[in-house]
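Model, not experiment: these values are computed from the prediction.
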Amino acid sequence: MRILNRKCWSRVASACAALGAAWTLAIPQTAEACGGVFCDGGLPNSMPVNQDGENVLFVLNQNEVEVHIQISIDPNTNAQKFAWLIPIAQIPEFEVGSQPLFDALLNSSVPTYQLQQTFEVCGEDGISGGLSSASNGDPGLSSGDGGTGTEGNDSGGEDPVVFKTTAGAFEIVVLQDQTIEPIKQWLIDNEYQWIDGSEMVLQQYLDEGNVIVALKLAAGSDGGDVHPIVLRYPSNENCFPLRLTRFASIENMDIRVFVLGNSRAAPTNYRHVLVNPLKIDWLQFAANYKDVITKAVDDLEAEGLAFVTEYAGPSNVVQPFAFNFYSTSWNEAAFVGLPPEEVISTLNNQGLANCFGADFCFYNHPLVEGLLNDFLPVPDGLTAEEFYANLQAYADQIDAMAWGDGSAFAQALDSRIIAPGEHAQELVDAYPYLTRMYTVISPNEMIADPIFHINPDLQDVPNFRSATEYNLCDGNSVVTLPDEREIFVPNGGPWPDFIGEMWWAEEVQQVALKGKPMHLVNNTAAINKKIEEWNLAHGWPRFPEGAPTTSASDTDTDSSGSSEGGPDSATSGGQNDASGCGCRSDGAPGGGLLALAGLGLLAGRRRRR
């Protein structure tokens with residue numbers, strides 16, 4: 001059983017934020033990120049809204065890539081000024097994505113830290129060496145998430161638009177030219193916010209053979225209509241155009257990349273880092289998780305261009321969170337010809353809404369209320385709760401013109417909720433393996449577009465990390481990490497600061513297409529020596545002559561201390577900081593990515609000071 005920490009309670013509807021982490025989750029109406037390059041707050045001379053995080057899902061098929069991009073808009077900005085640019089190697093197919101899918105991905109695979117309690121059996125002399133099984137509370141008490149179709153224009157002509165379409169609430173244009181100037185002028189003429197200084201990077205993408213996709217909300221749409229976007233295109237490689245993101249980014253921005261496939265995914269041109277578990281504050285359920293990851297990916301040989309793997313394993317871990325992806329009871333045809341006063345009761349029957357009483361409505365999909373606002377607008381003088389909870393009573397005030405015969409509502413319901421939800425469920429059912437990778441990166445480090453690949457030889461990485469604290473009779477304790485390394489904790493806390501122990505990353509790796517990772521940095525022996533010195537200096541083990549001492553581990557340890565196998569011998573190409581998406585004739589979107597689900601502190605946990 002998980003218990004929500006008070007600090008997270010206010011965000012339970014979309015998911016908990018990591019303790020101390022600046023993470024935005026996914027319900028668009030409450031999101032803090034703008035996403036993309038051009039975004040105007042609506043004020044004179046306003047700067048683009050800072051982009052706090054990005055979440056992207058890649059689905060890897062043979063010879064095809066499907067990418068789902070979570071788009072979030074700051075509710076305090078003018079949503080009509082929102083725009084997002086995505087460099088991509090060719091014109092993709094566009095579809096509406098599923099917000100509940102992102103909610104489920106984030107929450108179902110969140111790294112969760114647990115600390116079980118055991119107690120030494122104390123006799124009259126204060127020590128017996130026995131072990132009691134613990135009032136460790138419910139073993140599920142944990143902190144969470146580390147907390148938690150048109151021909152291209154190659155002539156340099158004045159009109160760079162080569163394709164136009166719509167997807168849900170978004171108007172989409174694809175722009176192409178040999179130089180950025182015609183594209184820049186078109187964006188300015190069409191009231192897109194331009195960011196001075198972005199010309200050079202956009203020109204690089206054009207030189208690499210990319211087109212530029214520009215998205216913005218259609219007229220009449222607002223923040224409540226925002227949804228993820230899906231792009232599908234032929235490719236054997238997925239690439240995240242991060243170089244463009246830096247113009248709307250913040251320091252230490254969270255990026256999470258999910259990959260659905262047949263095996264585990266890894267970064268191709270970025271490093272892969274295994275975090276030093278000594279840096280994690282296990283006594284506080286990894287409350288310092290983001291800070292540890294930030295420093296680990298900046299460590300020697302990682303240099304800010306690295307990811308950690310937060311989860312790698314069966315995709316059936318993904319379960320709907322708060323909202324279903326899809327239900328067979330959802331049926332858009334039921335609304336065609338339906339009298340408008342029966343809309344809410346029909347939504348209730350399909351499980352898309354729960355409206356009852358005089359003024360209570362709860363919607364089981366984040367886009368339902370936005371659709372109601374579009375096709376059944378609330379009359380003046382009423383609140384949305386009053387109106388939608390009792391349509392029959394206000395039948396004479398319903399805007400019959402906005403509702404029509406219900407066909408437009410039915411079409412929107414299908415394209416924005418039902419079809420994306422059905423596809424999301426199909427993806428989770430069809431692809432057996434999910435990888436979740438995370439990094440923290442600042443604008444000055446966004447010099448290379450990360451690319452990801454499948455490596456069938458990599459081992460699973462669990463997202464549940466459980467340590468055990470053995471409380472001694474003298475008030476001290478010993479924490480046994482998931483990899484079985486023991487750490488002596490004076491007075492039962494706080495978590496020790498190991499003087500002279502400076503390694504944030506236990507390993508920095510380069511991961512090839514096959515085989516085990518190549519070790520660029522391996523600090524395991526040094527870390528083990530520091531643990532042994534620390535423990536012996538504090539009299540642990542009590543009887544060193546008869547107790548085994550800590551020796552260098554032969555296992556790779558991920559950010560939670562879980563095993564990833566023995567020494568790796570695979571070779572791989574070096575890291576190319578100038579690498580980009582378009583230079584490989586394949587591309588993927590980028591732009592606007594955690595949640596360290598803050599879960600409850602263990603009740604009754606004994607602490608001696």
Side-chain angles (χ1 to χ4, degrees), residues 10-14 26-31 42 71-82 96 99-100 103 166 168-171 216-227 322-324 329-418 420-421:
S10 64
R11 303 195 57 179
V12 67
S14 59
I27 291 183
Q29 296 92 325
T30 60
I71 296 178
S72 301
I73 299 176
D74 189 321
N76 297 317
T77 65
N78 185 342
Q80 286 295 321
K81 293 291 186 178
F82 164 86
V96 176
Q99 181 60 51
D103 293 340
T166 60
F170 290 100
E171 294 178 349
K216 70 176 180 179
L217 284 171
S221 298
D222 58 26
D225 297 314
V226 174
H227 52 73
F323 309 118
N324 289 326
S329 66
W330 299 353
N331 179 16
E332 75 279 6
F335 296 90
V336 178
L338 186 73
E341 59 268 24
E342 297 180 15
V343 170
I344 294 298
S345 61
T346 305
L347 289 172
N348 286 345
N349 292 337
Q350 294 191 10
L352 282 166
N354 290 292
C355 293
F356 54 87
D359 59 356
F360 178 83
C361 274
F362 178 81
Y363 303 105
N364 294 320
H365 191 286
L367 295 184
V368 171
E369 187 173 10
L371 291 182
L372 289 173
N373 290 333
D374 292 340
F375 295 97
L376 279 177
V378 179
D380 292 341
L382 294 175
T383 66
E385 291 78 10
E386 291 171 334
F387 181 59
Y388 294 130
N390 199 0
L391 280 179
Q392 298 281 351
Y394 300 107
D396 59 337
Q397 299 184 52
I398 291 175
D399 187 339
M401 293 293 291
W403 177 252
D405 67 352
S407 296
F409 177 85
Q411 182 179 2
L413 181 68
D414 181 51
S415 65
R416 301 192 191 185
I417 294 177
I418 298 178

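- Asp399 is not listed as a side-chain neighbour of Trp403, based on a closest heavy-atom distance of 4.5 Å or more.
- Here the straight-line distance linking atom CG of Asn364 with atom CG of Asn324 works out to 7.5 Å at 0.5 Å rounding.
- Across every non-hydrogen atom of Phe335 and Val343, the tightest pair is CE2-O, 3.9 Å.
- Counting heavy-atom neighbours within 6.0 Å of Gln411 CD, excluding the residue itself, gives a total of 12 or less.
- A donor-acceptor pair is defined here as one N or O able to donate and one able to accept, closer than 3.5 Å; no such pair exists between the side chain of Tyr394 and the backbone of Leu382.
- In terms of heavy atoms, Ala384 sits closest to Val378 at CA-CG2, 3.8 Å.
- Residue pairs that meet the side chain to side chain donor-acceptor pair (under 3.5 Å) test with at least one member in residues 329-344, sequence neighbours left out, are Ser327-Ser329.
- To the nearest 0.5 Å, atoms OH (Tyr363) and OH (Tyr388) are separated by 6.5 Å.
- Proximity of Pro340 to Leu391: side-chain heavy atoms (C-beta onward) are nowhere separated by under 4.5 Å.
- Atom CG of Leu371 and atom OG of Ser415 lie 8.0 Å apart (nearest 0.5 Å).
- Annotation: side chain of Phe387 is not in contact with side chain of Ile344 (no heavy-atom distance under 4.5 Å).
- Remark: the backbone N or O of Ser345 is paired with a side-chain donor or acceptor of Asn349 at under 3.5 angstrom.
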- Kindly indicate, with the supporting measurements, whether the criterion side-chain contact (heavy atoms from CB on, under 4.5 Å) is fulfilled by Asn390 and Glu386. CA-CA 6 Å; Asn390 199 0; Glu386 291 171 334; over 6 Å; no
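- Between atom CD of residue Gln350 and atom CD1 of residue Ile417 there is a gap of 10.0 Å, rounded to the nearest 0.5 Å.
- Note on ring orientation: taking the six-membered ring where Trp is involved, the planes of His227 and Phe170 are perpendicular (angle over 60°, cut-offs 30° and 60°).
- Considering only heavy atoms from C-beta on, Ile398 comes within 4.5 Å of Leu376 through its side chain.
- Within the 3.5 Å criterion, the main-chain N or O of Cys355 finds a donor-acceptor partner in the side chain of Asn348.
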- Item | Intermediate values then yes/no, side chain to side chain donor-acceptor pair (under 3.5 Å), Gln99 and Asp103 | CA-CA 6 Å; Gln99 181 60 51; Asp103 293 340; 3.2 Å; yes
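- You'll find the side chain of Asp374 reaches within 4.5 Å of the side chain of Asp225, heavy atoms only.
- The minimum heavy-atom distance linking Val368 with Leu352 is given by the pair CG2-O, 3.9 Å.
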